[in-house]
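Just so it is clear: chains get the letters A, B, ... in the order the sequence lines come, proteins before strands, and each one is counted from 1.
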Amino acid sequence: MSNIIELKNVNKWFDKFQVLKEINLEVKPKEKIVVCGPSGSGKSTLIRCINRLEEHQEGSIIVDGNVISTDTKNIEKIRAEVGMVFQQFNLFPHLSILDNCTLAPIWVKKLPKKQAEELAMENLTRVQITDQAIKFPGQLSGGQQQRAAIARALCMEPKIMLFDEPTSALDPEMIKEVLDVMVDLAKGGMTMIVVTHEMGFAKEVADNMIFMDEGRIVEKAKTNDFFENPKSERTKLFLSQIL
Amino acid sequence: MIFNILKPNKKNIQTYLAIGVSLLIIGFIDIFSNTFLNFNITGFFPNIISYLSPLILGAFGLYFIRIEYSGNKTLNTINRNLNSSNFNAILSLIVIFILIKYVPSILNWVFFDANFLGSTKEDCTGDGACWVFVRVWFNRFMYGMYPDAEQWRINYSFLVLLGSIGSIFILPHRFKKYIILFLLFIFPIIALNLISGGVFGLKWIETGAWGGLSLTFIVSAFALIFCFPIGVFLALGRRSDLPAIKYSSIGFIELWRGVPLITVLFMSAVMFPMFLPDGTYMDKLMRVIIAITLFEAAYMAEVVRGGLQALPRGQYDAAKSLGMGYWRMHFLIIMPQALKLVIPGIANTFLALVKDTPLIFVVGLLELAGMIGLAKTNPKWLGMATEGYVFAAFVFWIICFSMSRYSQNLEKKLSTER
């Protein structure tokens with residue numbers, strides 16, 4: 001099967017500081033990858049490069065056959081196919097949950113309003129917050145907001161979903177409701193790249209684990225191998241601290 | 001020991017209340033007799049003490065009635081609101097005394113001693129304001145030199161304006177869009193043609209004859225409508241990644257913010273025609289409106305930019321990650337939130353704009369304040385400046401206060417916080 005995402009020798013600098021070093025990564029359709037590593041290791045930057053919220057300076061990134069370039073039309077096309085969920089939810093506070101979900105389908109994919117609303121309700125049901133549809137983001141709990149954000153991304157019917165520490169800003173008891181939705185999504189066959197520290201979730205859904213440190217991919221392995229016998233010392237140290 | 005005795009407490013509440021209230025009453029009798037009867041009951045004290053005696057008496061009075069948890073609801077309310085500490089007690093007294101001393105005399109001047117009837121200055125026999133002046137000149141204050149027989153044209157435009165604004169609130173929601181479009185694009189053209197004439201057999205009335213409050217409205221309305229979108233685009237331009245757009249926006253904003261409006265108006269009248277090709281002509285009023293519009297647009301741009309900067313980066317990220325391009329992102333996500341944040345700032349700029357319109361007198365256009373300035377120099381009405389400008393202040397205050405109320409309502413209506 002051909003790769004849906006391909007990163008080749010990607011390098012990125014913030015001014016003089018190199019945040020990504022020689023990143024090579026291949027993701028197959030329906031593959032689930034969990035990225036972990038200490039803070040500042042470049043995990044978020046890596047997935048933000050995949051839909052070009054960050055610009056990389058060297059190497060090539062191919063998403064679903066499109067090479068990421070400076071061409072804005074091309075970037076918008078890729079972004080419409082790649083859903084993203086953020087640590088801080090980033091719902092649009094001036095719109096109701098339903099409008100949050102229908103806005104992009106209506107304006108970017110040009111769906112008729114009625115169809116967009118049906119799609120939105122379908123996805124809100126999927127994340128189990130149908131009853132919150134007419135409320136505004138400020139009226140929802142953190143867990144509900146994050147689930148709404150997932151529904152919003154799903155409404156664009158993306159082929160790939162990126163999760164940037166989706167549970168790090170949540171109260172402990174809300175983490176589970178978000179993870180449940182993500183597990184459900186993974187079982188549905190979505191291609192997912194997840195940056196998270198939730199190792200239980202990683203063991204349950206991930207096909208492959210990636211460990212990053214100081215801008216490099218230190219280790220990439222099948223999930224079982226990664227937890228049972230990590231190869232590099234750095235990974236062992238990290239795992240001993242986090243588990 | 002003595003301070004302990006003098007400290008009011010709940011045990012001897014009756015005694016303290018009696019002492020405190022009687023001191024307060026003496027203080028108030030003092031200030032009343034001073035103000036209204038011209039008799040100083042504390043005149044036997046040295047000058048300064050006699051002058052401050054109501055304050056001193058009142059402060060002691062309030063001190064004695066400051067009893068916490070007294071069990072009396074009224075007393076507690078008074079203590080909480082006017083008398084929570086010695087300093088607050090004195091502040092409360094000063095404010096109350098100032099009101100007692102000056103409000104009655106202002107009311108007398110405006111209403112009770114004022115003259116409303118008559119047709120010349122000589123009819124004003126009372127001590128108060130001579131509102132006859134405003135009544136006689138009212139027509140000029142509203143319409144300037146616009147011919148009497150044609151004033152229905154201004155009235156009609158104004159009624160259509162009021163009617164369509166009113167219908168926004170009355171008609172069902174789905175018509176709102178069309179009425180706003182009508183107000184923004186069709187109404188200005190109709191009103192302009194109707195007021196200036198020269199079409200459909202209407203008599204041509206040159207802009208030099210326009211004036212009074214109607215001119216205030218015309219200048220403000222056009223400047224308001226145009227300065228807002230220009231300001232929004234300038235704000236976006238200033239944050240643009242394209243150097244050409246960025247630096248021309250910065251240059252424009254800093255140039256217009258750096259010069260006084262009055263010089264801009266002068267230039268629009270005197271210097272601008274020199275740059276026009278020979279034979280072309282642009283109306284003075286139009287030049288002035290353009291000048292005010294661009295001037296206020298620069299301020300508007302900075303207000304809007306403030307809102308843009310207050311938005312978290314996550315909103316941009318989220319909009320981009322959904323595949324929105326620059327314009328969709330800004331007009332669906334960023335602007336609605338940024339503008340909501342800066343409603344107070346926008347209202348501020350709009351109010352400043354309305355109050356800046358009198359400056360157009362420097363190019364010979366006379367709106368409300370300008371017409372009053374002209375009327376007060378009429379030999380038959382000399383010495384009426386106070387009445388005229390109080391009237392102008394009142395009219396401007398009504399306009400600005402309603403705009404301010406509207407902006408507060410808008411803020412409340414658009415709030416999506418819980």
Side-chain angles (χ1 to χ4, degrees), chain A residues 44 47-48 50-55 70 72-97 99-110 135-141 148-149 152-158 160-164 169, chain B residues 173-174 176-177 232 235-237 239-246 304 306-346 407-418:
Chain A
S44 292
I47 66 167
R48 285 167 66 87
I50 293 174
N51 65 353
R52 208 177 167 95
L53 288 181
E54 302 285 354
E55 203 172 318
T70 45
T72 43
K73 281 283 158 260
N74 182 29
I75 294 170
E76 279 161 32
K77 194 177 147 214
I78 290 171
R79 282 175 181 160
E81 284 178 13
V82 181
M84 184 150 187
V85 176
F86 302 88
Q87 183 177 356
Q88 300 295 342
F89 328 138
N90 295 345
L91 289 169
F92 305 133
H94 63 301
L95 298 173
S96 70
I97 297 300
D99 289 339
N100 262 281
C101 292
T102 56
L103 192 71
I106 290 175
W107 288 91
V108 178
K109 290 181 100 180
K110 312 285 179 207
K135 288 194 187 164
F136 285 95
Q139 298 166 313
L140 269 59
S141 74
R152 178 178 70 179
L154 289 177
C155 283
M156 289 297 285
E157 301 183 308
I160 303 160
M161 286 283 280
L162 307 173
F163 293 83
D164 188 0
Chain B
H173 194 73
R174 62 177 185 279
K176 198 171 157 181
K177 199 162 53 179
V232 167
L236 288 178
R239 288 166 59 89
S240 167
D241 294 331
L242 310 169
I245 293 177
K246 181 176 177 177
V304 173
L308 289 175
Q309 271 171 347
L311 282 195
R313 203 180 92 168
Q315 292 293 312
Y316 291 87
D317 284 349
K320 282 181 195 163
S321 77
L322 290 167
M324 293 186 192
Y326 182 87
W327 295 110
R328 281 189 204 127
M329 173 170 81
H330 275 97
F331 284 97
L332 295 172
I333 308 295
I334 304 301
M335 273 304 161
Q337 295 182 60
L339 293 181
K340 196 173 83 183
L341 281 175
V342 293
I343 288 175
I346 295 175
S407 88
Q408 282 169 30
N409 277 343
L410 202 62
E411 244 174 284
K412 246 181 240 153
K413 206 177 84 182
L414 294 178
S415 159
T416 53
E417 310 295 311
R418 77 174 89 188

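When heavy atoms are compared at a cutoff of 4.5 Å, A:V82 approaches chain B solely by way of its backbone atoms N, CA, C and O. Contacts between A:I75 and chain B at a heavy-atom distance below 4.5 Å are absent for every atom of the residue.
Other residues, nucleotides and ligands contribute only 12 or fewer heavy atoms inside 6.0 Å of the NZ atom of B:K177. When the shell of 6.0 Å around CG of B:D241 is examined, it contains 12 or fewer heavy atoms from other residues, nucleotides or ligands.
By the 4.5 Å heavy-atom criterion applied to side chains, A:W107 and B:M324 are not counted as neighbours. When side chains are defined from C-beta on, A:R48 counts as touching B:D317, because their heavy atoms get closer than 4.5 Å. Between A:F86 and B:S321 the shortest side-chain heavy-atom distance falls below 4.5 Å.
For the atom pair NZ (B:K320) and CZ (A:R52), the distance works out to 10.5 Å, reported to the nearest 0.5 Å. The CG atom of B:L322 sits 9.0 Å away from atom CG of A:N100, with the distance rounded to the nearest 0.5 Å.
Ion pairing between a basic and an acidic side chain is recognised when a charged N comes within 4.0 Å of a carboxylate O; A:E54 and B:R313 show such pairing.
Side chain of A:N90 to main chain of B:G314: a donor-acceptor pair is present (N/O by atom type, distance under 3.5 Å, no hydrogens or angles). Without hydrogens or angle criteria, A:H94 side chain to B:L332 main chain gives a donor-acceptor distance under 3.5 Å. Within the 3.5 Å criterion, the main-chain N or O of B:P312 finds no donor-acceptor partner in the side chain of A:Q88.
Between B:G325 and A:E76, the shortest heavy-atom distance links the atoms CA-OE2, 3.2 Å.
Of the listed residues (A:M156, A:E81, A:K77, A:R79), the greatest number of heavy-atom pairs within a distance under 4.5 Å of chain B belongs to A:R79.
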